[in-house]
Amino acid sequence: MKKTSGKLAITLVSLFLGVILAIQFKTVNKTVGEGVLPTQRAQQLAIDLKKAQEERDAAINALDEAENKIKQYEKGEADNNVYAENLYKDLEKYRILAGYVDLEGPGIVLEIQEPPMDVQFGIEYKIVDDLDLILQTISVLNAAEAEAISINDQRYTAFTEIERADDHIEINGVSINSPIVIKAIGNPETLESALSIKRGIVWTLQYYDYNVFLAKEKNVKIPKYRKIIEFVYSRPVEDEAN
């Protein structure tokens, strides 16, 4: 009788374990794909990501080539006509103001690295938690008459959005993370002084244990703004005849 009871108990336990394994197997299949191991799935995702990045880079290169051809056509017409030349110069000026032109010139480079984890309390500080410090840095650079600004090679313009997205930052719809590299074109002395002033941005970042590297550069390169802005609700105000 005892042997029968023991066999019955073992059978029930085996059935129970079998059901649990079947449920787990189905769950894994739904999560990573039918018949695909997690490692294989990760490899496939890595391949898909690389392909998407290559397609993106190819599209950007094609766009740059098209823009260069348009620029050549515009300049060619401008060279043959004084009026067209003046229009071309105005167009270039407004493109620069809008951020749609790659720029280079003297300026500064500010790199912000996250502080090491607080070993004593086990707290890890992230720049995403201090997003206001980045916004303050941009404000200070604007006040110091920076002519162009970028954050991790994302051009800062009047249309730039800087927001937190989970554990990272999104700028112009692009995810970025530490280290944060802010570049600005302008008078290097003025820009550096504005950031390094006592109790200013650099002082505040260092106070919160961020690793900060600020350098003046003879030639800083800042890429153009790539998003297309379409005005849906705004229109120019027409002059009213008196």
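Heads up: numbering here begins at 1 and tracks the sequence. Values below: every heavy atom of this structure, side chains too, minus hydrogens, waters and symmetry copies.
- Taking CD1 of I134 as the reference point, atom OG of S139 lies at 12.0 Å (rounded to 0.5 Å).
- Of all the heavy atoms in L214 and L195, the pair that sits closest is CD1-CD1, 3.9 Å.
- In the hydrophobic clustering, where aliphatic and aromatic side chains (Ile, Leu, Val, Met, Phe, Trp, Tyr) are joined below 4.5 Å either directly or transitively, F213 stands alone.
- Atom CD1 of I222 sits about 4.0 Å away from atom CD1 of I185, to the nearest 0.5 Å.
- A distance-only check finds a donor-acceptor pair linking the side chain of T160 to the backbone of R155 [under 3.5 Å].
- Taking 4.5 Å as the limit, some side-chain heavy atom of L141 sits within range of a side-chain heavy atom of I108.
- Interatomic distance, CD1 of I171 versus CD of E161, reported as 9.0 Å (0.5 Å rounding).
- Among all heavy-atom pairs drawn from Y210 and I127, the shortest one is OH-CA, 3.6 Å.
- Between L135 and D132, the closest side-chain pair of non-hydrogen atoms falls below 4.5 Å.
- For E104, the side chain to side chain donor-acceptor pair (under 3.5 Å) partners two or more places apart in sequence, or in a different chain, are N219.
- Contact between Y100 and Y225 at its shortest, heavy atoms only, is CD2-O, 3.2 Å.
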* Asked: What do the steps show when you test I201 against L205 for side chain to side chain contact (heavy atoms under 4.5 Å, CB included), and what is the final call?
  -> CA-CA 6 Å; I201 289 298; L205 288 165; 3.8 Å; yes
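- A 4.5 Å side-chain heavy-atom check between N177 and E114 finds at least one atom pair inside the cut-off.
- Between S175 and E170, the closest side-chain pair of non-hydrogen atoms falls below 4.5 Å.
- The nearest pair of heavy atoms linking V220 to K183 is CG1-CB, 3.7 Å.
- Partners of E163 under the salt bridge (charged side-chain N to carboxylate O under 4.0 Å, His left out) rule, at least two apart in sequence or in another chain, do not exist in this structure.
- Judged purely by distance below 3.5 Å, without hydrogens or angles, the side chains of N142 and Y156 never pair a donor atom with an acceptor atom.
- The CD1 atom of I112 sits 4.5 Å away from atom CD1 of I182, with the distance rounded to the nearest 0.5 Å.
- Within the model, atoms NZ of K216 and OG1 of T190 stand 10.0 Å from one another, a figure rounded to the nearest 0.5 Å.
- Annotation for Q206 and V212: closest pair CG-CG2, 4.0 Å, computed over non-hydrogen atoms.
- Applying the 6.0 Å contact sphere to CD1 of I197 captures no more than 12 heavy atoms from other residues, nucleotides or ligands.
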Name every donor-acceptor pair, under 3.5 Å, that has one atom in a side chain of residues 143-153 and the other anywhere in the protein, sequence neighbours excluded.
residue: N152; atom: OD1; partner: V181; partner atom: N; Å: 2.7
residue: N152; atom: ND2; partner: P179; partner atom: O; Å: 3.3

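- Between P115 and Y208, the shortest heavy-atom contact is CG-O, 4.0 Å.
- By the side chain to side chain donor-acceptor pair (under 3.5 Å) test, T204 pairs with no residue at all, sequence neighbours left out.
- Residues in residues 180-207 take part in these ring-ring contact (aromatic ring centres under 6.0 Å, His included) pairs, two or more places apart or across chains: W203-Y207.
- The CG atom of D129 lies 9.0 Å from the CD1 atom of I169; values are rounded to the nearest 0.5 Å.
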